Amino acid sequence: MKLATSTALLLFAFPSFGWGQTTGASKEVSREEAAPAPSQNGYSVIGATPRQETLLRAQIQVMNAEILPLRIVFVPHWKYLDTARTFHLHVPAGYTSALFTHLPSRTVFIDTDRYINDDSLGYWMAHELGHLATNSAKESDAEKAAGPLRARLKESAKLAALASKP
């Protein structure tokens, strides 16, 4: 028994000295494929494309929310439904959900299959940040808190449009 334990420990202790599987050629990642540098504001974005992550971080920065999520997770539809079921998400009758916030963990989940466009992402992220700001699951509270955040987004878009005109 001691010999088997010692052998197992030896095998697990030195895996880095083994030969790795390679194809002989490595491919450099292009600048578009590389994810942006980690954020200094303390939240992580998981599962998003680099473009989505850059856009989302820019929108959150423009909104200048007081309370930020710890994690923003982009998940496929089946995983979104499973996560919503696990966290007992209550969606009012006649409504659907493309994003939801789990308040205790300060995590925002985004359904990648229902991701419509860049503008809708900012609009609904403001709503989710409203949930965090009010620490309330009530939709009316989140909408009230999202109003000023959406106004900042709209003002930023107007300024960007004016700056792009000759």
Side-chain angles (χ1 to χ4, degrees), residues 27-166:
K27 180 183 170 195
E28 189 172 316
V29 176
S30 70
R31 191 175 294 267
E32 293 82 30
E33 293 175 326
S39 174
Q40 298 300 320
N41 46 19
Y43 63 90
S44 59
V45 179
I46 303 163
T49 65
R51 182 182 170 286
Q52 288 172 330
E53 181 175 352
T54 302
L55 175 71
L56 184 63
R57 287 184 186 279
Q59 289 175 336
I60 290 173
Q61 185 176 7
V62 166
M63 287 188 266
N64 195 20
E66 294 175 22
I67 307 288
L68 295 175
L70 293 177
R71 286 169 294 284
I72 300 172
V73 184
F74 285 74
V75 293
H77 186 65
W78 69 269
K79 184 65 176 170
Y80 181 85
L81 292 176
D82 185 52
T83 306
R85 183 186 52 78
T86 301
F87 289 134
H88 304 290
L89 177 65
H90 172 70
V91 179
Y95 288 89
T96 59
S97 168
L99 287 82
F100 80 89
T101 300
H102 182 246
L103 289 172
S105 67
R106 287 179 40 203
T107 303
V108 176
F109 293 91
I110 300 173
D111 185 345
T112 56
D113 294 344
R114 301 197 54 224
Y115 176 87
I116 299 169
N117 60 33
D118 298 341
D119 294 334
S120 69
L121 180 63
Y123 182 87
W124 291 113
M125 183 52 69
H127 176 86
E128 298 308 319
L129 292 173
H131 279 296
L132 291 170
T134 61
N135 196 27
S136 171
K138 287 185 174 180
E139 300 300 322
S140 59
D141 293 345
E143 279 298 310
K144 193 180 295 183
L149 302 177
R150 289 178 181 147
R152 290 183 196 130
L153 269 178
K154 191 178 280 188
E155 183 64 30
S156 174
K158 285 180 185 176
L159 291 174
L162 286 175
S164 66
K165 289 185 178 179

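What you are looking at is a predicted structure, and each value in this text was computed from that prediction instead of being measured.
Shortest non-hydrogen contact noted between I110 and L121 is CD1-CD1, 3.9 Å. Between A146 and A126 the shortest heavy-atom distance is CB-O, 3.4 Å. Among all heavy-atom pairs drawn from L129 and P69, the shortest one is CD2-CD, 3.5 Å. Heavy atoms only, all atoms of each residue included: Q59 and D118 are closest at NE2-O, 3.1 Å.
Residues passing the side chain to side chain donor-acceptor pair (under 3.5 Å) test with T112, sequence neighbours excluded: none. Considering only residues two or more places apart in sequence or on other chains, N135 meets the side-chain contact (heavy atoms from CB on, under 4.5 Å) condition with L103. Every ring pair (Phe, Tyr, Trp, His ring centres under 6.0 Å) that H102 has, sequence neighbours left out, goes to F87. Qualifying side chain to side chain donor-acceptor pair (under 3.5 Å) partners for D82, counting only residues two or more places apart in sequence or in other chains: R85.
Judged by distance alone, with hydrogens and angles left aside, the side-chain atoms of R150 form a donor-acceptor pair with the main-chain N or O of Y123 at under 3.5 Å. The main-chain N or O of T101 is found under 3.5 Å from a side-chain atom of E128 such that the two form a donor-acceptor pair. T83 contributes a side-chain N or O that, together with a main-chain N or O of K79, makes up a donor-acceptor pair within less than 3.5 Å.
Residue pairs meeting the ring-ring contact (aromatic ring centres under 6.0 Å, His included) criterion with at least one member in residues 54-84, sequence neighbours excluded, are Y80-F100. Judged as a salt bridge (Lys or Arg N to Asp or Glu O under 4.0 Å), not a single pair has a partner in residues 103-113 (not counting sequence neighbours).
Contact annotation: the side chain of V45 never approaches that of Q52 to less than 4.5 Å [non-hydrogen atoms, C-beta and beyond]. The side-chain heavy atoms of I60 and Y43, taken from C-beta on, include a pair separated by under 4.5 Å. Put simply, the side chain of H127 does not reach to within 4.5 Å of the side chain of L99, judged on heavy atoms.
Taking CG from L81 and CZ from F109, the interatomic distance works out to 13.0 Å, rounded to the nearest 0.5 Å. Interatomic distance, I72 CD1 to S44 OG, rounded to the nearest 0.5 Å: 8.0 Å. The CD atom of Q61 lies 10.5 Å from the CG atom of L68; values are rounded to the nearest 0.5 Å. Interatomic distance, CG of L55 versus CG of D119, reported as 8.5 Å (0.5 Å rounding).
Under 3.5 Å, the side chains of D141 and T134 contain no donor-acceptor pair of N or O atoms.
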